[in-house]
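Input: a single structure, listed below in structure tokens.
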Amino acid sequence: MKSALTDACTLRLNNFEGPFDLLFFLIEKNKIDIYDIPIFEITEQYMDYLAAMQELDLEIASEFLVMAATLLHIKSCMLLPKHDDTVAEELDPREELILKLVAYKKYKEFSQILKDREAAWGRVHYKLPEVIPAVQYDDELEVSPVILRQCMVEALNRSRQRMNDVSKKMQRILDHERVSLKSKVREILGILAKGIRFCFSKVFSPLTRSRIEIATGFLALLEVVKMGQASVEQYVAFGDIYVTPEKTGKKRDNRKIEKKRESDLV
Amino acid sequence: MDNETIIEAVLFASGDPVALEKLAEIIEQDKKTTRGILANMQYKFEHSARGIMLRELDGSWQFCTKPELDPYISKLAAVRRKQGLTPAAYETLSIIAYNQPVTRAYIEQIRGVNSDSVLMTLMERNLIREAGRDDAPGRPKLYETTEEFLRVFGFSSLKDLPPLEMNEIPEVIENMPVD
Amino acid sequence: MDNETIIEAVLFASGDPVALEKLAEIIEQDKKTTRGILANMQYKFEHSARGIMLRELDGSWQFCTKPELDPYISKLAAVRRKQGLTPAAYETLSIIAYNQPVTRAYIEQIRGVNSDSVLMTLMERNLIREAGRDDAPGRPKLYETTEEFLRVFGFSSLKDLPPLEMNEIPEVIENMPVD
């Protein structure tokens, strides 16, 4: 036996998207305030729909049955007497369902907006793209600010290192000159050892020696004089320098060494 | 050469949307200036007896005909009209649009019904796409809307979505157990 | 609805040439009137700052871009090979960027190598330019970075350069004798 409701709603049955959709339909149909759902009526109508679906041999999706259970549960909760007076405000058993329905309603409404917009914007037309031949264009630079900074830092570090290198080189030149000075001292001492008095400009002649050698030779001569190994004479300013071996100097040195030994023994 | 002239020619030739960056590069202006020029053009096209208008699509720009001229264009040839979507599809699309990226479980929570096949349909129509996976247990797939979604529904960007008066929907929804 | 507006929309949407007869039918005018409207439109497009023009092709009408705009349209399809800078160019550019305006002697002092050709390359790429002359003896040329430099590095201004640490600032260099 088919109820009137079954007849009226046969066409719609398959069109419900889900239990919310069906509930929403019932709320709209009965012009019910969504925030104050008369749960007894709604549950009854909902169950009628499920019954109608059964009569029509429609497969009832499990979600509809879950909702039926939820509605029945809420209904029973509301039937229970509120025995505890100390709880000021009992939680409305409908609350969770209402919140879900409100959320659902929002999206349902937006669905309609989407549908309208689709219709409106379906009326604009686009032009097919032209064939534009691909061309190789100026290369685009791919650069990074981080690398830029890194380059600056590295350039500076290298620059500093190079400056340190320069000072090392200078040191080496100085070291080299020191060796050179020693060798010139040795050279002069060698000549003096032969007991020969000699003219400086003859030995360190600009014809055979570099300017630096002559200058170093002069410094070596001063060293030798200081050591007491030679005495020098110059008769005119800028004239020749004559170097004479000094015997006493060596003796003085020997004495010094002996004294040192004595002190070591003490 | 006038910048508006260049942009008109470029957008006409392209047919497809052209990114703001590309337009800026072509007219050799910065992005801000270029956006200003485009906004100005958009206004002028809109408010003059032009048959076409300028629309923004997710940071790209494109010409299209004004909707009110559709009846005349339809006379040109049979315009192929895309079939509309099912209510389930609009509903699902709404939920994705406002909550993207979003899992299937979340959608089903709101709709109260299995949404597997409707997601497939929306993917086929290129209105949504997968957007990685959620960190939640099981690492469920996430879904988001596409540029085609913006085009079909006439949005410039997702910022154009009308605000849902979500203040009416308390935070309970956010704390809703997912499945 | 204005006839020119309708024609613009129809020709735009078509892309292909549309026969005069078809256009006349769409705007519900006779062929002569329609031709007059088209000729008028053609004149207006030709003599205004429009990027497109109206072309008649064997009794059919079509929009196309103005030929002088071709270089800009080509940029749409331009394939840009990304290219980096050589280490020498990076180094020289960084010294100029952080110390501008600087002389060549200053750059070479830091780099320790002749930087003539790398400066030429940077000038050709429009990343640096001459910026007057120094007061030092010989009045050497000064170099500074360009707007193109800002653009490719994505800086708004030189203030955007990544800052150097205090110990990285070249205070020693400043006291170095220049050659």
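Numbers restart at 1 for each chain; the letters A, B, ... are given by sequence-line order, proteins then strands.
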For a quick test of your reading: what N or O donor-acceptor pairs under 3.5 Å do the side chains of residues 117-124 of chain B make, sequence neighbours left out?
unit_1, atom_1, unit_2, atom_2, d
B:T121, OG1, B:S117, O, 3.0

(message) Heavy-atom pairs under 4.5 Å with chain B - which of C:I27, C:I73, C:I26 has more of them than the others?
(response) C:I26
(message) With a 4.5 angstrom heavy-atom cut-off, is it the side chain or the backbone of C:L69 that approaches chain B, or both, or neither?
(response) side chain
(message) Strictly by salt bridge (Lys or Arg N to Asp or Glu O under 4.0 Å), give each pair with a member in residues 55-67 of chain C just once, sequence neighbours left out.
(response) C:R35-C:E56
(request) Look at C:L23, C:L11, C:I7, C:I52 and state which one has the largest set of heavy-atom pairs under 4.5 Å with chain B. (result) C:I52
(message) Could you check whether B:K75 pairs with C:E28 (Lys NZ or Arg NE/NH1/NH2 to Asp/Glu carboxylate O, under 4.0 Å)?
(response) yes
(request) Pick whichever of C:K22, C:R50, C:E4 has the most heavy-atom pairs under 4.5 Å with chain B. (result) C:R50
(request) Let me know if C:E147 has heavy atoms under 4.5 Å from chain B in its side chain, its backbone, both or neither. (result) neither
(message) Between B:E148 and B:R151, does any NZ, NE, NH1 or NH2 come within less than 4.0 Å of an OD or OE carboxylate oxygen?
(response) yes
(message) Between C:E91 and C:R111, does any NZ, NE, NH1 or NH2 come within less than 4.0 Å of an OD or OE carboxylate oxygen?
(response) yes
